[in-house]
Amino acid sequence: MRKVIALTLTAFTLTLSCGEDKEKTKESQTPKVSYQTTLPSTENSKVIRVFPATVSFTPEGVVNINPPISGQVDSIYVKVGDNVNKGQKLIKIKALDVSDIKSNYLTVKAQLEEAKRIYQLNKSLYEIGAISKNELIASETTVKQLEYTLKGLEEKEKLLNVKNFTDFYVNSPINGVVYEIDTTVGSRVQPDSSQPLIKIANKNQFIVVANVYEKDIKFFSKGDTVDIIFDDKSQIPGEVYYISDVLDPDTKTVKVYIKPSKTDNLKANMFVSIKVKKELNNYLSIPKNAIIFKDNHFYVYLLKDGQVIKKEVQLIGDAENDKFAIVDGLNKDDRVILNAINVEGE
């Protein structure tokens, strides 16, 4: 009986020993995961951002042309976008009250002839002492005033290219491009500075305007050099010359005005992009492969005390070295896991 018990205990001990050996073998065969990590750096702190923008004009670059007389628009010789030369005909207006215009000119001319006759008479009277010097000066002043008035009417006639006092031609005062037309053939017009017939823009006064969110204004400073990029990827340099102090309450954006280095390829209302390179010393950079984008958020994985920790970060922008990105939300001693997409898949 004792032999049977001893054999049984021996068999159990052997079985237990074999099981422990198998577990140890299994553990030794399980590979340990190792991660390649890096520390955030300040070496690639120059960030690159791209903002949408449009081509416009400076306020002083646009000339408003108002109706010179009351009348009806008879012809419009240009359309928006046309290049025009100084003196070129833009619009023809037919005067509605021709008799008043002609009457005014003829009246002033007759008054001038009479004033000259009186002045010559007064000169003779003054020489014989019949009138005072003040009376002579007064008659001379009347002649000069009427001469000035008549000259003004003649200059207006010449400027408007008046033809028989019926057709008034509105001409371009500068070389430029037709920016806006705010009338149609047949419209009645009145001399009113608040409602210009047409706007002519000076092509040398182009300006690029970017609407920038308030949080991104830190990327712009007056005097900064930026790149203006066209649809065909060509680009020209520009300079930030004014940042508005007004925040649009609806869009939460601020206007940034950029002066292009040249205007040859620019057109009014053209869409372009603005590329900014800005040194941001308060942020850190990490390799792009350490960042994942999921559910509209950016994340990195940190290795801390042997544990993998997922942490959300804010992406500030691409670094000048295109293999790196600038982020916010990390410390210099955070050990960031590279190739984060592999960790996400585990």
Side-chain angles (χ1 to χ4, degrees), residues 54-112 145-209 230 236 257 259-260 262-272:
T54 54
V55 178
S56 186
F57 295 95
T58 61
E60 59 271 19
V62 178
V63 177
N64 295 330
I65 303 177
N66 304 299
I69 59 167
S70 298
Q72 186 175 38
V73 176
D74 184 71
S75 301
I76 300 175
Y77 302 113
V78 294
K79 60 182 182 298
V80 173
D82 283 354
N83 292 314
V84 294
N85 298 317
K86 182 177 180 179
Q88 180 175 334
K89 292 178 181 178
L90 305 175
I91 294 175
K92 183 171 76 171
I93 300 174
K94 282 194 173 294
L96 298 180
D97 195 356
V98 176
S99 59
D100 284 352
I101 299 171
K102 188 172 182 178
S103 175
N104 187 29
Y105 176 83
L106 295 177
T107 298
V108 173
K109 187 175 181 181
Q111 289 173 347
L112 177 59
Q145 288 176 340
L146 289 170
E147 284 178 339
Y148 180 79
T149 302
L150 189 64
K151 184 178 180 181
L153 292 172
E154 291 172 345
E155 288 293 329
K156 185 176 182 181
E157 177 185 347
K158 181 179 178 182
L159 177 65
L160 299 175
N161 195 11
V162 180
K163 192 175 183 179
N164 297 325
F165 289 95
T166 59
D167 295 336
F168 285 75
Y169 291 93
V170 179
N171 303 324
S172 176
I174 62 170
N175 296 328
V177 60
V178 179
Y179 183 51
E180 186 177 311
I181 299 175
D182 194 20
T183 189
T184 56
V185 173
S187 297
R188 295 290 184 92
V189 295
Q190 297 280 346
D192 186 350
S193 60
S194 66
Q195 295 181 348
L197 288 177
I198 191 168
K199 295 180 180 180
I200 304 296
N202 186 339
K203 295 178 70 174
N204 294 324
Q205 297 289 334
F206 273 123
I207 198 72
V208 176
V209 184
F230 300 97
I236 59 173
Y257 297 87
K259 188 174 183 179
K262 55 182 181 179
T263 60
D264 298 348
N265 297 324
L266 297 179
K267 295 183 182 298
N269 303 319
M270 173 187 284
F271 290 99
V272 294

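The residues of the chain are indexed from 1 along the displayed sequence.
- Val170 is listed as a side-chain neighbour of Pro68, based on a closest heavy-atom distance under 4.5 Å.
- For the pair Val78/Gln88, a side-chain contact is recorded, criterion being any heavy-atom separation below 4.5 Å from C-beta on.
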Legend entry - Derivation of the side chain to side chain contact (heavy atoms under 4.5 Å, CB included) call for Ile93 and Leu197: CA-CA 11 Å; Ile93 300 174; Leu197 288 177; 3.9 Å; yes

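- Annotation: side chain of Ile200 is in contact with side chain of Leu90 (closest heavy-atom distance under 4.5 Å).
- The two residues Ile76 and Val185 come nearest to each other via the heavy atoms CD1-N, 4.0 Å.
- Contact annotation: the side chain of Lys267 never approaches that of Val55 to less than 4.5 Å [non-hydrogen atoms, C-beta and beyond].
- Summarising the geometry of Val178 relative to Lys79, their closest heavy-atom pair is CB-O, 3.4 Å, with the distance given to 0.1 Å.
- With contacts defined as side-chain heavy-atom distances shorter than 4.5 Å, the pair Ile174/Lys86 does not qualify.
- With contacts defined as side-chain heavy-atom distances shorter than 4.5 Å, the pair Phe230/Leu266 qualifies.
- Under the 6.0 Å distance and 45° angle rule, Lys199 does not count as a cation-pi partner of Tyr179.
- Between Thr263 and Asn204, the closest side-chain pair of non-hydrogen atoms falls below 4.5 Å.
- Taking CG of Asp82 as the reference point, atom OG of Ser172 lies at 11.5 Å (rounded to 0.5 Å).
- Rounded to the nearest 0.5 angstrom, Ile207 CD1 and Thr58 OG1 are separated by 6.5 Å.
- With a 4.5 Å cut-off on side-chain heavy atoms, Lys203 and Asn83 count as touching.
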